[in-house]
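Report on the structure given below.
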There are 2 protein chains.
Amino acid sequence: MTHDAQVQKPTQKLIAETAGLSVGTVSRALAGDPKIADATRRLVGQIAAELGYAPDRAAQRLRTGKTQVINLILPPHDEIFGFGTSLIRGITRGLEDSNYHLVVMPDFGPDVTRDDPGEVITRIVKNRLADGILFSRTEPNDARVRFLTETGFPFVSHGRTEGKHTHAFVDYDNTNFAYKSAVRMIQKGARKLSILLPPPTLTFRQHLLQGITNAVREYNVELEVFNGATLDNSADQIEAAIRHRFAAPDRPDGLVLPGEVSGLATLAALQDIGLTPQKDVQLVVKQTTGLFDLVRPRVDCIFEDLPEAGLQMARLLLRRLRGEAPETLHYVQPISSANLQ
Amino acid sequence: MTHDAQVQKPTQKLIAETAGLSVGTVSRALAGDPKIADATRRLVGQIAAELGYAPDRAAQRLRTGKTQVINLILPPHDEIFGFGTSLIRGITRGLEDSNYHLVVMPDFGPDVTRDDPGEVITRIVKNRLADGILFSRTEPNDARVRFLTETGFPFVSHGRTEGKHTHAFVDYDNTNFAYKSAVRMIQKGARKLSILLPPPTLTFRQHLLQGITNAVREYNVELEVFNGATLDNSADQIEAAIRHRFAAPDRPDGLVLPGEVSGLATLAALQDIGLTPQKDVQLVVKQTTGLFDLVRPRVDCIFEDLPEAGLQMARLLLRRLRGEAPETLHYVQPISSANLQ
DNA sequence: CTTGATTATTAAAACGTTTTAAAATACCCC
DNA sequence: GGGGTATTTTAAAACGTTTTAATAATCAAG
């Protein structure tokens with residue numbers, strides 16, 4: 001009895017007792033309910049502060065059914081440099097002064113997104129593991145988008161789907177990226193362009209294709225889609241494919257590389273077969289880090305700001321969770337700070 | 001009444017009703033309590049499966065006080081390529097079939113870890129936001145380690161502290177990394193070695209220093225710690241500093257670079273001032289991605305497996321949470337798969 | 001059969017909130 | 001002052017678990 005009073009966790013009950021009020025009143029006061037008298041609200045607020053009260057998340061969650069959790073699905077696909085982290089940094093920044101927590105759920109499921117949204121998302125929705133979901137790498141007819149839209153579960157995708165966009169998304173303007181890249185190369189003398197693309201399943205393949213096609217038509221030059229590898233292939237595979245194609249006599253003289261790994265792999269491949277980048281072959285690389293500012297020889301590059309994308313995703317999701325309609329929650333990132341020389 | 005039966009969330013109560021048992025029994029049965037008859041245990045298990053029952057995390061958490069959450073603290077420091085993600089991938093893999101969830105908490109706090117463990121960690125412990133914590137970039141006398149050890153809060157650090165290791169950690173064998181790198185360069189003819197180090201506050205600076213010192217003494221060559229920049233500086237700063245030092249007449253002829261950014265920056269700097277890497281200056285770079293396999297000219301490099309580190313951190317933390325003593329939970333990652341030529 | 005010990009089940013409390021419905025208090029107007 | 005309304009507070013239930021203490025069922029042994 002004369003022991004140190006075991007420092008008990010500050011709870012609404014404790015506040016209520018020291019203030020001589022009921023728990024219900026305390027709860028309302030803390031919530032800023034206008035039905036509570038100003039005086040009591042202030043009193044409660046003060047005591048709460050003194051006691052260092054913080055609401056118990058579990059209790060809130062149990063009572064309200066709201067988890068205060070946002071899930072980020074990490075694709076099983078091998079990591080592009082820092083893709084995940086950059087996005088994560090942005091997301092956490094966007095969530096900073098909400099009190100949502102970001103839970104990272106890897107999707108170790110079967111490789112391709114087929115007709116079903118995958119075990120992870122199904123489980124999240126079914127067991128209400130989160131209030132909202134974030135994911136990337138969308139397909140034109142994305143199973144996850146369909147499923148979540150049907151069930152009315154809040155989410156924001158990184159990447160668009162086809163058709164009427166009835167869901168919230170953040171995307172990069174890949175069409176314009178490809179267009180600007182192509183124009184750049186043409187201005188430097190390229191007449192036969194090529195582009196390395198993501199796998200056919202992913203939506204942004206279409207966007208890239210659209211962009212480069214526009215440029216090619218406008219300037220009346222040749223286009224050859226590079227089909228020895230995709231952006232998802234390993235560096236080794238890309239390197240080999242590039243080497244093979246560009247050693248042939250009718251090689252393109254301009255190549256768009258929408259990723260850092262493919263950029264480096266291509267540089268290595270070209271040098272290995274004795275071609276000089278930016279001379280024999282024009283290159284434009286999309287970078288999401290500062291990597292290519294350090295690479296020699298210098299190549300043209302355009303920057304995609306992933307932290308910013310993450311931030312926007314978080315913001316849109318928060319608005320969605322506040323009840324805004326998904327149709328209004330779109331953000332296409334403009335291509336900024338091109339790094340062309 | 002004739003509406004579709006609103007599909008109600010499967011709960012222990014529901015199981016109890018359909019089985020004609022009490023909730024308590026169901027709870028025990030699901031927990032595998034031996035006091036429950038085999039027959040009932042099987043029955044309950046079966047019904048649960050049919051109903052697709054999954055325990056409500058909030059309720060469990062409220063009742064038991066266990067959050068089933070592990071927090072990863074993201075340092076405010078600018079991201080090394082993929083550092084966070086690689087670690088995160090590993091961690092999630094390690095947590096895969098536990099039912100802990102990984103929550104990412106960025107530490108936007110003041111730059112340096114001073115005498116207090118920081119707002120984030122304090123809050124996590126005080127409000128029991130998680131059952132365990134993971135963080136990186138330890139200092140010899142780390143405030144977080146001290147605080148968490150004192151309060152008995154389970155954690156695993158990436159990086160060691162000084163003295164008797166009474167806490168759980170995972171670390172990379174930086175001493176050996178520096179030693180092997182140095183020996184390599186000496187074998188290739190270098191006689192005046194240098195090394196780029198992390199800021200003095202971080203423990204692994206000592207390890208690197210120890211390693212290179214050992215080599216230098218053993219082979220009786222010269223050592224000059226590079227002090228124009230640290231590993232934490234921006235690529236630009238490192239590049240400038242390298243350029244400055246290596247343009248001077250008495251420059252070192254071997255340089256250890258414990259990071260990808262510094263590796264690239266150095267390559268760029270040397271080339272810019274007309275020096276040939278691996279000829280005028282020997283380099284060994286530590287890489288955590290496959291990056292340097294693609295960089296030309298090729299340089300020697302040694303690989304640090306971050307996903308593996310993350311996996312180990314998760315495993316150790318799980319063991320800690322199961323009650324094992326922290327003194328026994330250590331893992332120093334050996335340097336593996338050197339990529340020397 | 002009883003008794004006493006095992007074994008198996010249950011009722012009820014508790015975790016910390018939010019919220020519904022009811023009760024208490026204050027206020028106003030005639 | 002009395003009656004009604006508006007304002008403020010409260011008691012109690014509920015969310016879905018786990019667990020303590022008590023009860024019911026089974027069984028061995030005398």
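Keep in mind it's a predicted model, so treat the numbers as computed, not measured. Here is how names work: the chains are called A, B, and so on, in the same order as the sequence lines, proteins then strands, and each is numbered from 1. Side chains are part of it too, since the values below use all heavy atoms of this structure and drop only hydrogens, waters and symmetry mates.
A straight line from NZ of B:Lys35 to P of D:dA24 spans 18 Å, rounded to a whole angstrom. With rounding to whole Å, A:Arg41 atom CZ is found 10 Å from D:dT9 atom P. If you take NZ of A:Lys66 and P of C:dT19, they are 12 Å apart, rounded to a whole angstrom.
Here the CG-CD1 distance, from B:Leu21 to B:Ile36, works out to 8.5 Å after rounding to the nearest 0.5 Å.
Across A:Leu43, A:Ile47, A:Val23, a single residue satisfies side-chain contact (heavy atoms from CB on, under 4.5 Å) together with A:Ile15, and that is A:Ile47.
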B/S/- along nucleotides 10-17 of chain D (protein heavy atoms under 4.0 Å) is BB-BBBBB
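For B:Asp142 and B:Arg144, the salt-bridge test passes: some basic side-chain N is under 4.0 Å from an acidic carboxylate O.
At the phosphate of D:dT9, OP1 or OP2 sits under 4.0 Å from a side-chain N or O atom of A:Thr40.
Judged purely by distance below 3.5 Å, without hydrogens or angles, the side chains of A:Gln68 and A:Asn99 pair a donor atom with an acceptor atom.
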Applying side chain to side chain contact (heavy atoms under 4.5 Å, CB included) to B:Leu129 and B:Val69, what does each step give before you reach the verdict? CA-CA 8 Å; B:Leu129 258 30; B:Val69 160; over 6 Å; no
Verify side chain to side chain contact (heavy atoms under 4.5 Å, CB included) between A:Phe169 and A:Thr138, making sure each step is shown before the conclusion. CA-CA 10 Å; A:Phe169 68 81; A:Thr138 51; over 6 Å; no
Test A:His330 against A:Arg160 for side chain to side chain contact (heavy atoms under 4.5 Å, CB included), laying out the working first.
CA-CA 9 Å; A:His330 300 336; A:Arg160 276 163 281 184; over 6 Å; no
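Looking only at distances, a side-chain donor or acceptor of A:Lys126 sits under 3.5 Å from a matching main-chain atom of B:Gly52.
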Give me the distances for all protein-to-nucleotides 23-27 of chain C N/O pairs that come in under 3.5 Å?
none

